[in-house]
Amino acid sequence: MADIKFGLDTFGDLPTNDHGELLSYAEALREVVAEAVLADKLGVDVISLGEHHREEFAISSPETVLAGIATQTQRITLSTGVTVLSSDDPIRVFERFATLDALSNGRAQVMLGRGSFTESFPLFGYDLQDYDALFEEKIAMFAKILEEGKLNWPGGEFTQKIDNLDIFPKTASGKLDTWVGVGGSPESIIRAARYGFPVILAIIGGDPARFKPYVELYKRAAAQLNTPILPMAMHSHGFIADTQEEAVEMAFKNIKKAFDKIGVTRGWAPMSREHFENEIKNGSFYVGTPEFVAQRIAKSIQTLGVERFDLVYGAGEQPVSARQHMIELYANEVIPRVRELLAEANNED
């Protein structure tokens with residue numbers, strides 16, 4: 001198996017301090033920067049920041065936060081998780097990330113998505129009835145922009161006509177690192193293969209093995225479309241602590257709170273303790289001691305054959321100290337242990 005990369009994802013949930021007091025948006029944003037600096041220092045490969053426009057999240061402009069992180073880090077890849085291209089302008093997205101790429105000496109990565117949250121659509125004047133059509137047209141335009149030559153674009157229902165105009169700045173490499181985030185749609189997998197984008201699977205519940213057909217579909221589609229078969233990745237929620245009990249109790253309290261609030265608008269039933277614990281044992285919550293979490297991550301990587309795993313951390317109102325300690329455990333104990341487990345499995349094969 002290829003060298004596996006490990007990342008951390010955060011949506012910028014508002015955390016608490018050790019007295020249980022909720023941090024302000026400004027404090028939460030500075031905390032994300034501090035956590036990314038810590039992750040960089042400890043050798044984590046990627047930090048991904050989500051874009052949301054809801055009261056419980058501080059990050060609505062991830063590339064701005066990533067630019068701040070860029071000035072204080074040396075090696076960590078600076079990604080989004082995701083950039084909602086459907087409610088944005090493809091040219092402006094490219095300009096912002098090309099700027100971030102320059103500031104970070106080539107470490108920028110944009111992850112495009114339709115957006116599992118829909119608040120950005122009415123906020124920026126888009127109709128949710130156009131949810132699929134917006135992304136299809138805009139990702140086609142973005143793929144053309146990535147060529148970094150003079151842009152000729154016919155325009156469409158949602159994009160402007162461009163006649164032989166240049167876009168600046170250019171990236172030093174000539175190719176902005178671009179991924180597509182997929183939540184489980186076969187059409188999204190095929191679209192990513194068609195444009196030659198690597199895929200990250202957003203797995204937020206259920207047995208990760210159910211995503212195996214999507215991995216296979218991507219490879220088949222790329223082969224048939226004569227596009228490169230690129231690395232695939234996955235991300236899922238989790239929490240790591242020194243003891244299993246501490247991890248489970250902290251995660252249940254905060255992940256349940258976050259999921260239940262979202263569920264009010266999605267029609268989800270409140271998360272039960274039984275459901276939560278089943279997700280820990282057999283599903284897509286990576287919660288527990290470093291050894292327990294490492295075993296689960298290694299199994300998922302082997303099952304799906306992905307080449308990158310991102311742990312979504314900080315869901316709910318987890319205390320700042322717990323979030324920072326989790327990053328330390330992930331970097332110092334979980335990642336090395338996962339590498340050991342995968343090496344052992346490869347030697348047995």
* Distance-only polar pair, side chains of H275 and E277, donor-acceptor under 3.5 Å -> no
One should read off an interatomic distance between S48 OG and L78 CG, to the nearest 0.5 angstrom, of 9.0 Å
For I47 and A36 the tightest heavy-atom approach is CG1-CB, 4.1 Å
Donor + acceptor pair across side chains of T289, E291 (<3.5 Å): no
With the side chain counted from C-beta on, respond yes when I145 and L151 share a heavy-atom pair under 4.5 Å apart, and no when they do not.
yes
- Message: Between R107 and A70 (side chain of the first, backbone of the second, donor and acceptor by atom type, cut-off under 3.5 Å), is there such a pair?
- Response: yes
**Within 6.0 angstrom of E344 CD, more than 12 heavy atoms from elsewhere** = yes
Q.
Please check this pair: side chain of Y330 against backbone of G7, looking for a donor-acceptor N/O pair closer than 3.5 Å.
A. yes
Notebook entry, point to check: More than 12 heavy atoms of other residues, nucleotides or ligands under 6.0 Å from NZ of K281: is that the case?
Noted result: no
Note to self: Check for me, please, whether L14 and V32 land in the same ILVMFWY cluster - side-chain distances under 4.5 Å, paths through other members count.
What the structure shows: no
**Request:** On the 0 to 90° scale, with breaks at 30° and 60°, tag the F11-F57 ring pair as parallel, tilted or perpendicular.
**Result:** perpendicular
- Please answer: with hydrophobic residues joined when any side-chain heavy atoms are less than 4.5 Å apart, are F135 and W179 in the same cluster? no
dist Y25:OH -> L29:CG (nearest 0.5 Å) comes out at 10.0 Å
query: Can R92 be said to sit on top of F97's aromatic six-ring, NZ or CZ under 6.0 Å from centre and within 45° of the ring axis?
result: no
With a 4.5 Å heavy-atom cut-off, do Y218 and L230 have their side chains touching? yes
Does the T10 side chain pair with the main chain of G12, one donor and one acceptor, at a distance under 3.5 Å?
yes
| said: I'd like to know whether K299 forms a side-chain contact (heavy atoms from CB on, under 4.5 Å) with T303, so could you lay out the CA-CA distance, the side-chain angles of the two residues, the decisive distance to 0.1 Å, and finally the verdict. | reply: CA-CA 6 Å; K299 181 180 178 181; T303 298; 4.1 Å; yes
_Please determine whether the number of non-hydrogen atoms from other residues, nucleotides or ligands lying under 6.0 Å from atom NZ of K257 exceeds 12._
no
Is it true that R30 and E27 have a side-chain N and a carboxylate O under 4.0 angstrom from each other? no
query: Do the side chain of D130 and the main chain of L134 share a donor and acceptor less than 3.5 angstrom apart?
result: no
- State, without any angle test, whether S300 and Y286 hold a side-chain donor-acceptor pair at a distance under 3.5 Å. yes
Using a 4.5 Å cut-off on heavy atoms from C-beta on, say whether the side chain of I297 contacts that of I335. no
When rounded to the nearest 0.5 Å, the distance separating NZ of K219 from CD1 of I229 is 7.5 Å
Pair V182, I200 - check side-chain contact (heavy atoms from CB on, under 4.5 Å), show working.
CA-CA 6 Å; V182 175; I200 184 163; over 6 Å; no
Quiz prompt | Presence of salt bridge, R337 and E340, under 4.0 angstrom | solution = yes
Around atom CG of N105, are there more than 12 heavy atoms from other residues, nucleotides or ligands closer than 6.0 Å? no
- Message: Under 4.0 Å between a side-chain nitrogen and a carboxylate oxygen: does that hold for R191 and E136?
- Response: yes
### Query
Is a donor on one side and an acceptor on the other found under 3.5 Å between the side chain of N254 and the backbone of E317?
yes
Would you say the side-chain atoms of D242 and H325 include a donor-acceptor pair closer than 3.5 Å?
yes
Run F121 and H53 through ring pair (Phe, Tyr, Trp, His ring centres under 6.0 Å) and show every step you take. CA-CA 10 Å; F121 289 80; H53 305 269; 9.8 Å; no
CD1 (I203) and CG (D310) are apart, to the nearest 0.5 Å, by 11.5 Å
Check: Does the cation-pi check pass for R273 over F252, that is, NZ or CZ under 6.0 Å from the six-membered ring centre and within 45° of its axis?
Finding: yes
Side chains of I280 and F292: closer than 4.5 Å at any heavy-atom pair?
yes
Using atom types as modelled and distance alone, determine if a side-chain donor or acceptor of D40 lies under 3.5 Å from a backbone N or O of I76.
-> yes
Does N226 have more than 12 heavy atoms from other residues, nucleotides or ligands lying within 6.0 Å of its CG? no
Any chance you could lay out the side-chain contact (heavy atoms from CB on, under 4.5 Å) test for V110 and D177, step after step, and finish with the verdict?
-> CA-CA 6 Å; V110 58; D177 187 11; over 6 Å; no
Is R75 salt-bridged to D45, going by a charged N under 4.0 Å from an acidic O? yes
Do F259 and F285 have ring centroids that are under 6.0 Å from one another? yes
- Message: For the residue pair Q324 / E328, report whether a side-chain donor-acceptor contact shorter than 3.5 Å exists.
- Response: no
Is the shortest side-chain heavy-atom distance between M232 and P198 below 4.5 Å?
no
*asked:* Assigning hydrophobic clusters by single linkage (Ile, Leu, Val, Met, Phe, Trp, Tyr; side-chain heavy-atom cutoff under 4.5 Å), is L103 placed with V65?
replied: no
Looking just at side-chain N and O atoms, do T171 and E148 make a donor-acceptor pair shorter than 3.5 Å? yes
CD1 (I167) and NZ (K144) are apart, to the nearest 0.5 Å, by 11.5 Å
*Less than 4.0 Å between a side-chain N and a carboxylate O, is that true for R96 and D88?*
yes
message = Determine whether L311 and F6 satisfy the following criterion, side-chain contact (heavy atoms from CB on, under 4.5 Å), listing intermediate values before the conclusion.
response = CA-CA 8 Å; L311 188 70; F6 294 90; over 6 Å; no
Check whether the side chains of T159 and E137 place a donor and an acceptor atom closer than 3.5 Å, and report yes or no.
-> yes
- Task: Indicate yes or no: at least one non-hydrogen side-chain atom of H52 is less than 4.5 angstrom from one of I59.
- Result: no
Notebook entry, point to check: With distance as the sole criterion, is a donor-acceptor pair present between the side chains of Y313 and Q318 under 3.5 Å?
Noted result: no
**Prompt:** Would you say the side chains of S87 and S120 form a donor-acceptor pair under 3.5 Å?
**Reply:** yes
Do any N or O atoms from the side chain of S321 and from the backbone of P319 form a donor-acceptor pair under 3.5 angstrom?
no
Is R114 close to S185 at the side-chain level, that is, under 4.5 Å between some pair of heavy atoms? yes
Next on the checklist: Membership question, hydrophobic clusters at under 4.5 Å side-chain separation (ILVMFWY): are F309 and L342 in the same one?
Outcome noted: yes
- Item | D3 with R339: basic N within carboxylate O range, under 4.0 Å | yes
Is there a side-chain contact between V320 and D18 in this structure, where contact means two heavy atoms from C-beta onward sitting under 4.5 Å apart? no
hydrophobic_cluster_shared for V306 and I189, side chain cutoff 4.5 Å:
yes
Separation between NZ (K138) and OG (S86), nearest 0.5 Å, reads 7.0 Å
Checking L49, L66, V93 against T80 for side chain to side chain contact (heavy atoms under 4.5 Å, CB included), the one that qualifies is L66
Q: Taking K256 for its side chain and M271 for its backbone only, find out whether a donor-acceptor pair lies under 3.5 Å.
A: yes
So, the side chain of Y214 versus the backbone of G184: is there a donor-acceptor pair under 3.5 Å, distance only?
yes
Would you indicate whether K212, at its atom NZ, is surrounded by more than 12 heavy atoms from other residues, nucleotides or ligands within a distance under 6.0 Å? yes
Check your understanding: Okay, side chain of E279, backbone of S284: is any donor-acceptor separation there less than 3.5 Å?
Key -> yes
